[in-house]
Amino acid sequence: MLNNDLHAPGKAGEQDRRDGHTPGNRFLGRVVACSGSRATIAAVAEQGGTDLTELWSVGRLISISVGRNRVVALVYKMNTGSHAWGEGEDNTFRIETELLGEVRVDEDGREEFSTGISRYPYLGAIAHRIRSADLMRIYDAGEGTTAVIGKLTQDESIDAAIHIPSMLSKHFAVVGSTGVGKSTAVSLLLHKAIAADPKLRVLILDPHNEFAAAFPEHAVTIDTDTLDLPFWLMRLEEFAEVVFRGRPPVPEELDMLRDILPEAKRAFRGSDNSLVRRTTEKSSITADTPVPYRMADLLALIDERIGRLEGRSEKPFLRSLKMRLIAAINDPRYHFMFSNNTISDTITETIAQIFRIPGENRPICTFQLAGIPSEVVNSVASVLCRMAFEVALWSEGAIHMLVVCEEAHRYIPSDPSLGFVPTRQAIARIAKEGRKYGVSLGIITQRPGELDQTILSQCSTLFAMRLANDRDQEIIRSAIPNSSISTTSFISSIGNGEAIAFGEAISVPMRMRFSRVDENLLPKASSANSKQSEEDPDTVDLRKIVTRMRAVTVGPDISNFQQSYAASVASLDEADGADEDLDAKPYAPPASTAAPLETYRRELLPQTPRLDPAAVPAIDPRLDALRREMRREEPVFPRPAPATDQPAISRREPGTSLRESILKKPLSSLYNKE
């Protein structure tokens, strides 16, 4: 599957890595200065020759003999004393090195590398090229727990190996500019990780949809077409991120949502099975409890609050919240959250699908985020990271989780005011507490300067590929231990596929080149996997492109939601004893299938209703006469004649007031004698 996986045999002995021109000569120079972490070596190139100097360069390791032991140092700077080169004459130059450790020789002749230094080099100590046997001894992390991921740049006959358990338990990061091979390196590391740990389950947050091609036999792909992520799995802040489309929520509406959500969850328990009811009854239900509820119940409860007499100031916020919920339900991009499959209690099926329990020989899940709306990506990432931690926590060590965040600076930016707080908290919890419960974190980014430094500092193993930005290089230098800070001095000039690896999984920082991956296992974007189109910009159908951009061809089927919503409203009306017409109910979402447009008809326009005089109930003629006299009006409709036994009330005389006309009339004419 992967090339160059076998360990290359190294040669040991005094003849190893001697100068071919001068057999037995490994002499480089002598120590002329030394501190606690660095040493300076002086050497002479006789008569302008470069037989020795051309075999040394920045980034190579050398050894300094101190008694029976050999101190290992890394070359990071070279210069001549006169800053010039004389042809045919001796040239003195200096080599600046960084001390990394020593190869100790025991009394029985057994040699072992240690990162500590028992005896520092003295002035005049001889420095020479390092042996291949010492290189193998330095980078050998032990049998059975190591994985070969490439070759040393200094000596390609020696394998570059890492300790997989240390890399996973204490997190790792891969940083580098665009195009240097980060995705290929990550796919190689993940292949080695799943081969070393059978309990490992890997979740890849893939914003570019490229890792599915790298694991054709070991991964399942989840996208918006195959995803059923129930909305009720989200906590209140995560659900508010969806409802308010990534904008800051309105405080009044958020408080109402916090009060109504527990009621909707308790309303769903009546139709749930007894096991869920017994489980939820043991503890109180809050807005963050991951138990199912129906959107129909939620909207019905909002309608109930709108219909109450009290709380008039809350009604505008309730109506606004209701319209936001309906807009989210009808949005076809949110189909993976509000489909019919997400209404019932499917948390077991969702966890089994996403976190590969059981794995069925496919322990990797590539979660493709490219098709998910940008305002929902943060909520989805927060739910996945939080569930990954909880699954590993409550499995009590039976499951080892690895969450790989591609483009991690999107979720955990360095600026605390940016990003989504629940996502940052979920990832930070994995970084700080995950190793205690078997949850690992893999960070991939091309801009480490924009990444939260607290999260980056928790990654104990770092693979630094080529970085051109000064700010990014400075961040990597701050993350490297002081004993190997000079390693990054040449990080801006290494080639594609090369990396400076250091941390817990590597005993000594090494410059290495990742092994080549087979062509059929390279990460590719989803568009790259498809067949090349024969069309060009002059022949492509632009209408088809626009239709795909609008994403309206396939919408969510909400017919069941409409039925359940109507049923819940009807049940509330029966409980209150209200006999209201169903047509007067609040707005229900329209069906997903649009009805054909009707032709224009004039009678469809709003008409002013005309009253039938015969349908108007009769009014007491005396009261009508009084009212007309007070308003000085004529009767609109003819009234029936008064009875013969009741005197008629005549109009008042012109020029007299209503009071005077009433006083002139007999008192008996103003009331009904019967």
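- The environment of Arg362 atom CZ is dense: over 12 non-hydrogen atoms of other residues, nucleotides or ligands sit within 6.0 angstrom.
- Aromatic ring pairs are classed by plane angle as parallel below 30°, tilted from 30° to 60° and perpendicular above 60°; the pair Tyr437 and Phe389 is perpendicular.
- A donor-acceptor pair is defined here as one N or O able to donate and one able to accept, closer than 3.5 Å; such a pair exists between the side chain of Lys182 and the backbone of Gly176.
- In this structure a side-chain-to-backbone donor-acceptor pair under 3.5 Å is present from Arg201 to Arg356.
- Using a 4.0 Å cut-off between charged nitrogen and carboxylate oxygen, Arg235 and Glu390 count as a salt-bridge pair.
- Asp159 places no side-chain N or O within 3.5 Å of a backbone atom of Ala161 that could act as its donor or acceptor partner.
- Distance NZ/Lys192 to OG1/Thr146: 9.5 Å, rounded to 0.5 Å.
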Open item on the list: Run the side-chain contact (heavy atoms from CB on, under 4.5 Å) test on Val202 and Ile194 for me, step by step, so that the C-alpha distance in whole Å, both residues' side-chain angles and the decisive distance to 0.1 Å come before the verdict.
Closed with: CA-CA 8 Å; Val202 183; Ile194 60 176; 4.1 Å; yes
Open item on the list: The test is salt bridge (Lys or Arg N to Asp or Glu O under 4.0 Å); show your working for Glu102 and Arg70 and say whether it passes.
Closed with: CA-CA 5 Å; Glu102 69 176 355; Arg70 297 183 293 276; over 6 Å; no
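- Annotation: side chain of Leu369 is not in contact with side chain of Asp206 (no heavy-atom distance under 4.5 Å).
- Looking at every heavy atom in both residues, Thr423 comes nearest to Ser382 through OG1-CB, 3.3 Å.
- Separating the CE atom in Met167 from the CD1 atom in Ile162 is a distance of 4.5 Å, to the nearest 0.5 Å.
- Relative orientation of the Phe239 and Phe231 rings is tilted, given thresholds of 30° and 60° on the angle between their planes.
- Between Gly442 and Leu402, the shortest heavy-atom contact is N-CD1, 4.0 Å.
- For Thr461 (side chain) and Gly503 (main-chain N/O), no donor-acceptor pair under 3.5 Å exists by modelled atom type.
- Within the 3.5 Å criterion, the main-chain N or O of Ile494 finds a donor-acceptor partner in the side chain of Arg466.
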Open item on the list: With side-chain contact (heavy atoms from CB on, under 4.5 Å) as the criterion, how do Leu61 and Leu100 come out once you've worked through the C-alpha distance, each side chain's angles and the decisive distance to 0.1 Å?
Closed with: CA-CA 9 Å; Leu61 297 182; Leu100 303 179; 3.6 Å; yes
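- In this structure, the separation between CD1 on Ile354 and CD on Glu349 is 11.5 Å, given to the nearest 0.5 Å.
- In terms of heavy atoms, Cys405 sits closest to Ile427 at SG-CD1, 4.1 Å.
- Proximity of a side-chain donor or acceptor of Ser440 to a complementary backbone N or O of Leu168 within less than 3.5 Å is detected.
- By the neighbour-count criterion of 12 heavy atoms within 6.0 Å, atom NZ of Lys170 is sparsely surrounded, having that number or fewer from other residues, nucleotides or ligands.
- Residue Asn361 qualifies as open at atom CG: its count of foreign heavy atoms under 6.0 Å is 12 or below.
- A salt bridge is absent between Glu112 and Arg137: the closest approach of a Lys/Arg side-chain nitrogen to an acidic carboxylate oxygen does not fall below 4.0 angstrom.
- Using a 4.5 Å heavy-atom cutoff, the side chains of Asp470 and Gln473 are in contact.
- More than 12 heavy-atom neighbours from other residues, nucleotides or ligands sit within 6.0 angstrom of CZ on Arg245.
- His171 and Ser460 share no donor-acceptor pair across their side chains, judged by distance under 3.5 Å alone.
- Within the 3.5 Å criterion, the main-chain N or O of Val391 finds a donor-acceptor partner in the side chain of Ser395.
- Screening Glu498, Arg513, Arg60 for a side chain to side chain donor-acceptor pair (under 3.5 Å) with Thr153, the sole residue that qualifies is Glu498.
- Side-chain contact annotation: Ser414 with Gln453, donor-acceptor N/O pair under 3.5 Å absent.
- When all heavy atoms are compared, the tightest approach of Ile430 to Cys385 is CD1-O, 3.7 Å.
- Using bins of under 30°, 30° to 60° and over 60° for the plane-to-plane angle, the ring pair Phe211/Phe215 lands in the parallel bin.
- Between Arg386 and Glu238 there is a salt bridge, since a side-chain N of the basic residue sits under 4.0 Å from a carboxylate O of the acidic one.
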- [ ] Go through Asp197 and Ile164 one step at a time and tell me if the side-chain contact (heavy atoms from CB on, under 4.5 Å) criterion holds.
- [x] CA-CA 9 Å; Asp197 188 357; Ile164 293 295; 5.8 Å; no
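- Here the rule is side chain to side chain contact (heavy atoms under 4.5 Å, CB included) with Val175, and of Thr445, Leu451, Val180, Asp472 only Thr445 fits it.
- Taking every heavy atom of both residues into account, Pro523 and Ser183 meet most closely at CG-O, 3.6 Å.
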Task: Evaluation steps, side-chain contact (heavy atoms from CB on, under 4.5 Å), between Cys365 and Ile204 - done: CA-CA 6 Å; Cys365 173; Ile204 305 176; over 6 Å; no
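- Using a distance-only test at 3.5 Å, with no hydrogens or angles considered, a donor-acceptor pair links the side chain of Arg424 to the main chain of Pro413.
- Rounding to the nearest 0.5 Å gives a distance of 13.5 Å between CZ of Phe172 and OG of Ser166.
- Scanning all heavy atoms of the two residues, the minimum distance from Ile158 to Ser132 falls at CD1-O, 3.8 Å.
- Aromatic pair Phe420/Tyr411: centroids not less than 6.0 angstrom apart.
- Side-chain atoms of Gln368 and His208 form no donor-acceptor pair, as typed in the model, at a separation below 3.5 Å.
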